[in-house]
A.B. asks: 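Dropping a structure here in structure tokens format, bear with me for questions.
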Amino acid sequence: MTKTVHVFRPFDSYNLHRTCDFGSFSRANYSTDIYCEGTYKRVVQYESRSNLVSASQSQSTDHNHIEITIECKESTKSSIEHCLTQISRIIGADQDPSGFYSMAESDNFLNPLVNKFHGLHIPQTASVFEGLISAILGQQISTHVARILRSLIVERYGSILSIGNETYHSFPTPQSLELAGIEELHANKFSRRKAEYLCEISALESKGFIDLENLRNLPTEDAVDMLTSLRGVGQWTAHWLLIRSLGYEDGFPSGDLALQKIMGEYFNDGEIMSERAAMEYSKKWRPYRSWVTTYIFAGVRSGFF
DNA sequence: GGCCAGGTTCGCT
DNA sequence: AGCGAACATGGC
């Protein structure tokens, strides 16, 4: 077991704790990602080898930096490179919120949110596939139930890595979910419809009929079109993916019920906003709507509103 | 027990 | 285009 340590300097404002909190990583049943005592941990696969990668932030007096540790049976220059790229993307340490922050300064609604959650970046899912499956599974149900279902498939279909006394789970591969099959997922607390969506998408990805990772390289519209052509993926899910998996800064899931309620309270005399009205109103926040969405949800989760 | 929760599809007007 | 039902589950 070799161990290597690296230091990464994000933009000054970056706050690991707030970012991991937003990602639900500190919740016991999140399974794949662990955030505990100031350290974030996750297994990163590279060429069929498992690397345990951890990140922690030290707030020394003059400099704010992230320390990244990689543990692996064998490491190479390219495996280390891969792990560093992955981890900094997952924890959002490579993002620059300064454009969003300057826009928010002159916005009465955003300004308090930015003050409260300053340093929160947008955590990215380890893969687009993982983001998509997690998003579909969370449709229409409470975040609490979504976590239960997510950890169920992770523990049942994901691979396991043991180091010392600790056990780490990986997110299921497209192959393993395809293999699980509709019937089995249905028997495991998923609606038949959802089980179908998950298996269909897993099969398409594992057979190479779609390439979810490649969506990162497409213009926004094309990525949304491709995603919504999949059964089980509507506007909400596609935009959620733009924000949480594809790294776009201007996604906006206007179909979101919680978002419509909050916006209604502030901008529509307390009346819930329609999807269309929410989308229209959101245009004043271009091109930073992914940030706006993230900060609003951070507010929702912490009882800010 | 009933209603809702960070939606989507399908089948009607 | 727009509307309503169905979908499975956990929590209040």
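Chain naming here is simple, since letters A, B, ... match the order of the sequence lines and numbering starts at 1 in each. Just the heavy atoms: all of them, side chains too, but no hydrogens, waters or symmetry mates, feed the values below.
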A.B. asks: How many whole angstroms separate atom CG of A:Leu149 from atom C1' of C:dC7?
C.D. replies: 13 Å
A.B. asks: Less than 4.0 Å between a side-chain N and a carboxylate O, is that true for A:Glu178 and A:Lys207?
C.D. replies: yes
A.B. asks: Applying the ring-ring contact (aromatic ring centres under 6.0 Å, His included) test to A:His118, which of A:Tyr101, A:Phe100, A:Tyr14, A:Tyr295 qualifies?
C.D. replies: A:Tyr101
A.B. asks: Indicate whether the side chain of A:Tyr248 and that of A:His239 have a donor and an acceptor atom separated by less than 3.5 Å.
C.D. replies: no
A.B. asks: What is the separation between atom CG on A:Leu259 and atom C1' on B:dA5, rounded to the nearest whole Å?
C.D. replies: 15 Å
A.B. asks: Would you kindly give the CD-to-P distance between A:Glu196 and C:dA6, to the nearest whole Å?
C.D. replies: 17 Å
A.B. asks: From CG of A:Leu198 over to P of C:dC7, roughly how many Å is that when rounded to an integer?
C.D. replies: 17 Å
A.B. asks: Determine, for A:Arg150 against A:Glu130, whether the closest basic-nitrogen to carboxylate-oxygen distance falls under 4.0 angstrom.
C.D. replies: yes
A.B. asks: Ion pair present between A:Arg286 and A:Asp250, side-chain N to carboxylate O less than 4.0 angstrom?
C.D. replies: no
A.B. asks: In whole Å, what is the span from the NZ atom of A:Lys189 to the C1' atom of C:dG11?
C.D. replies: 13 Å
A.B. asks: Expressed in angstrom and rounded to an integer, what is the separation of A:Asn188 atom CG from C:dG10 atom P?
C.D. replies: 12 Å
A.B. asks: Which letter, B, S or -, goes with each nucleotide of nucleotides 7-13 of chain B from 5' to 3', with contact meaning a protein heavy atom under 4.0 Å?
C.D. replies: BBBS---
A.B. asks: Does A:His144 place a side-chain N or O at less than 4.0 Å from the phosphate oxygens OP1/OP2 of C:dG11?
C.D. replies: yes
A.B. asks: For the residue pair A:Thr125 / A:Ser245, report whether a side-chain donor-acceptor contact shorter than 3.5 Å exists.
C.D. replies: yes
A.B. asks: Touch check for A:Arg276, heavy atoms < 4.0 angstrom, all strands: base, sugar-phosphate only, or nothing?
C.D. replies: sugar-phosphate
